[in-house]
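Let me begin by presenting the structure, written as structure tokens, before commenting on it.
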Amino acid sequence: MSSTRQDAWTHDEDLLLAEIVLRHIREGGTQLQAFEKVGKELTRTAAACGFRWNSYVRKQYKSGIELAKRQRKERKLNNLPLEDKQPDTNQILEAETVTSQEEKKVWGFEELVAYLKDLYEKAEQSSMQDENIKTNEERIQSLEKQLYYLASENEKLLKDLNSIQADYKALINIMERARKLVELKDEDHEQKV
């Protein structure tokens, strides 16, 4: 029953969003400017880009954000223009996967340990989420069966209620006729006396 939204974000769009936002952080720009730029490239609103960044993508690039902030700070301390000592944005993205030997050397031991712990926690959360998804899907199926049963039970009870109401009305009519007959007999009896 679940379907993919036509405007759902693709992995490539998430990467582009991350690349541009990280570049803006490193260069001292604002995230809003980054969202506007990504929005133009992807024909999405800046608000949609900001929402996607804050709700999903940012969590995937915590260490990349820290690295971009450090690079911005170093550049400001050294009064370097943007062209000097500016790594390719892909280096920041590679820092997330720790594939480049150079990136491993740039990171301190504590940062690397923290990053690996973060990856381990994400892996645990992912497996827990998979289990939760399976449990929730089973729960949904069970609730759908229960809903179907309750809907049919409700329909039966409504029929019974309608039948009882009809019988009640018929009984009231019979009692009303009986009352009128008794009144007529009483009047006839009084007239004879």
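The shown structure was predicted, so the numbers you read here are calculated from the model rather than taken from an experiment.
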Asn132 backbone acceptor or donor facing Asn136 side chain under 3.5 Å: yes
Main-chain N/O of Gly50 paired with Asn54 side-chain donor or acceptor, under 3.5 Å: yes
Gap separating the [atom1] atom of [X] from the [atom2] atom of [Y], nearest 0.5 angstrom:
X      : Y      : atom1 : atom2 : value
Lys69  : Ile25  : NZ    : CD1   : 6.5 Å
Leu22  : Gln31  : CG    : CD    : 9.5 Å
Cys49  : Leu32  : SG    : CG    : 10.5 Å
Asp12  : Leu16  : CG    : CG    : 9.0 Å
Leu181 : Asp188 : CG    : CG    : 10.5 Å
Lys145 : Ser142 : NZ    : OG    : 7.5 Å

Are the side chains of [X] and [Y] in touch, meaning some heavy atoms are under 4.5 Å apart?
X      : Y      : result
Thr30  : Phe35  : no
Lys117 : Val113 : yes
Lys159 : Asn162 : no
Gln71  : Arg75  : no

Pairs touching residues 30-41 that satisfy salt bridge (charged side-chain N to carboxylate O under 4.0 Å, His left out), sequence neighbours left out: none
Inter- and intrachain pairs under salt bridge (charged side-chain N to carboxylate O under 4.0 Å, His left out), touching residues 162-176, at least two apart: Glu176-Arg179
Sequence-distant partners of [X], side chain to side chain contact (heavy atoms under 4.5 Å, CB included), two or more places apart:
X      : answer
Glu153 : Tyr149, Leu157
Glu124 : Tyr120
Glu131 : none
Glu13  : Trp9, Thr10, Leu42, Arg44

Distance-minimising heavy-atom pair for Leu17 and Trp53: CD2-N, 3.8 Å
Least distance between heavy atoms, Arg72 atom then Gly28 atom: CD-CA, 3.6 Å
Lys134 and Asp130 ion-paired at < 4.0 Å: no
Salt bridge present between Arg23 and Glu19 (N-O < 4.0 angstrom): yes
